[in-house]
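Comments concern the structure below.
Heavy-atom basis, side chains included; hydrogens, waters and symmetry copies ignored. Both counts, for ligands and for their atoms, begin at 1 and track the order of listing. Position 1 is the first residue of the sequence; numbering continues from there. The structure displayed is predicted, hence computed values, not measured ones.
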Amino acid sequence: MTIEEIKNSLKNGPNDKGYYGDFGGRYAPEILMPNLIELEDAFEQAINDKSFIDEFDYYLKDYVGRPNPLYFAEQLTKKIGGAKIYLKSDHLNHLGAHKINNSLFQILLAKYMGKTKIYCETGAGAHLIATAACGARFNFPVIGYMGKDDIFLQSTNVLKAKLFGAEVVECVDGTGEKGVLKDACTSVLKAWSSDPKAFYCCGSAIGPHPFPKIVQYAQSIIGKEIKKQILEKENRLPDAIVACIGGGSNLIGCIHDFLDDKEVALYGVEAEHSSALTNGSIGIMQGFKSFMLQSNDGSATLDTKSLASGINFYSCGPEHSYLKSIGRVNYTYATDEEAFSAFQLLCKTEGILPAFEPSFAIAQAIKIAKEMDSDKIVVINICGRGDKDIDTAERMLGDKLGK
Ligand SMILES: Cc1ncc(COP(=O)(O)O)c(C=O)c1O
C-alpha cells in the first residue's frame with residue numbers, strides 16, 4: 001500500500017473526536033465523560049498489549065469456537081440459479097450468534113480495567129446471553145436491560161441469561177405498556193449514568209465514542225476470516241457480501257476488512273419498518289449522530305416494528321451512516337414476509353436454521369444472486385441461529401407445519 005492509500009483508507013476509523021465524516025461523536029451526559037475517556041484510553045492500550053490480544057484470541061478459539069466455517073450452500077445456489085452462495089457461519093459460535101465476539105472482547109476489557117460490575121442492553125437477547133456467559137466465566141455480576149415486548153418474544157434467551165446468573169430488567173417506553181431495543185438503550189444509559197464506575201458493555205456499533213469503534217474492532221474477526229477462507233476456497237475475493245443491520249455490528253464486522261476492496265459490493269439489509277438508512281433522517285440521540293427514524297422536529301423516535309427483535313431499531317451505527325453518505329455500502333431493506341420465506345428456504349435447502357435477523361440478509365442476497373452469473377460469488381453472514389425464534393415460527397406456520 002502507498003502512503004496515499006493508507007491515508008485514504010476507509011478502515012482508518014473515526015477521528016479523535018469519534019466522527020466518521022459527519023456522523024458519530026460523543027453526545028453524553030457530563031457525568032459519563034470521564035468514563036468514556038477512561039474507556040477510550042484503556043481500549044487503545046489493550047489493543048496494543050500483546051498479552052491482552054493473545055487472551056482474546058485464545059478465548060475466541062477455545063470458548064467461542066472460531067474460526068467458524070465459510071460454507072458453500074450448494075443446494076441453495078442450485079435453487080436460486082445464479083451466483084455461488086457462501087454462508088459465513090456465525091450461528092455456530094458458542095450461544096449461536098455473533099454477539100459473543102464483542103461481549104468477550106468487552107468483558108476482557110472490563111477485567112483489564114479492573115471493573116467489578118457489568119451493564120448491558122439487548123434486543124433479541126443474543127447480546128444479553130453472550131454478556132451473561134462471559135460475565136459468569138470471568139466472575140462479573142451482569143445486569144441486562146431488555147424491552148418488555150422482547151422479553152416475551154425471546155423468552156428462551158431470558159431464561160439462559162438467568163441461568164448464567166444475570167439479572168434482567170424489563171424496560172418500557174413512555175406509554176409504560178411496550179418496550180423494545182430503543183427503550184433498553186435508554187434505560188441502560190440511565191443506569192450507567194447513576195453508576196458510572198461500572199462497565200457498560202454496549203451490544204452494537206452504536207452509542208457515544210468510543211463504543212462504535214470498540215464494537216467494530218471486536219467484530220472485524222468475521223470479515224478477516226471471510227477474506228482468508230474465500231481466498232483459500234476460490235482464490236479470489238467475493239463479488240458481494242450481504243448482512244443484516246440493526247445497530248450494525250455484524251455488518252461492520254463482515255465488511256470492515258473489505259472497505260478498500262472496491263470490487264467487492266457490500267450490502268446492509270434493514271427491516272422494512274425500522275429502515276433508518278433508507279427512510280430516516282439525520283439526528284442526534286442516545287449519544288451519537290446518525291440516520292434515524294424520528295419526528296419532524298427531532299424530539300422523539302418513531303415506532304418501529306420487525307419480525308426480528310434484533311433489527312427492530314430506530315437508528316444505526318454512525319459508521320454506516322458515513323458509508324451510506326459516501327456510497328460505499330448499499331443499504332436496503334426486506335419485508336417480514338420476504339425474510340420469513342427466506343428463513344424457511346434455508347431450512348429446507350440446507351438444513352440450517354437461521355435466526356430471523358439474518359433471514360433479512362438471505363432475502364436480499366437471493367435477489368442479488370439471481371441476477372448474477374454462475375461464476376460470481378455472494379457471501380451471506382448467518383449471524384445467528386434460529387432456536388430463539390422457533391416458537392414464533394410455529395405460531396406463524398400453524399397447520400402448514402404438518403404432522
Ligand atoms: C442474531 C442477531 N443478528 C443480528 C442482530 C442485529 O444486531 P447488529 O446489527 O448489531 O448485528 C441481533 C441483535 O440482537 C441478533 O441477535
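- Taking the six-membered ring for Trp and the full ring otherwise, the centers of F105 and Y217 sit less than 6.0 Å from each other.
- By the 6.0 Å contact criterion, OH on Y145 is enclosed, its count of non-hydrogen atoms from other residues, nucleotides or ligands being greater than 12.
- Annotation: side-chain hydrogen bond (donor to acceptor under 3.5 Å, both in side chains) contacts of D54 (sequence neighbours excluded): K50.
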Output side-chain donor-acceptor pairs under 3.5 Å for residues 108-126, partner residues at least two apart or in another chain, one line each.
from, atom 1, to, atom 2, distance (Å)
K111, NZ, E55, OE1, 3.4
K111, NZ, E55, OE2, 3.1
Y112, OH, D49, OD2, 2.8
K115, NZ, E38, OE1, 3.3
K115, NZ, K197, O, 3.0
K117, NZ, Y119, OH, 3.3
K117, NZ, D195, OD2, 2.9
Y119, OH, D195, OD2, 2.7
E121, OE1, Y200, OH, 2.8
E121, OE2, G203, N, 2.9
T122, OG1, G125, N, 3.0
T122, OG1, L128, N, 3.4

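- Residues of the protein with a heavy atom under 4.0 Å from ligand 1 are H98, K99, A124, A126, S204, C244, I245, G246, G247, G248, S249, N250, G310, I311, E357, C383, G384, listed by chain and number.
- Classification of E319 and K213 as a salt-bridged pair fails, no side-chain N sitting under 4.0 Å from a carboxylate O.
- Listed by first then second residue, pairs satisfying side-chain hydrogen bond (donor to acceptor under 3.5 Å, both in side chains) with a partner in residues 341-355 read Y71-E350, not counting sequence neighbours.
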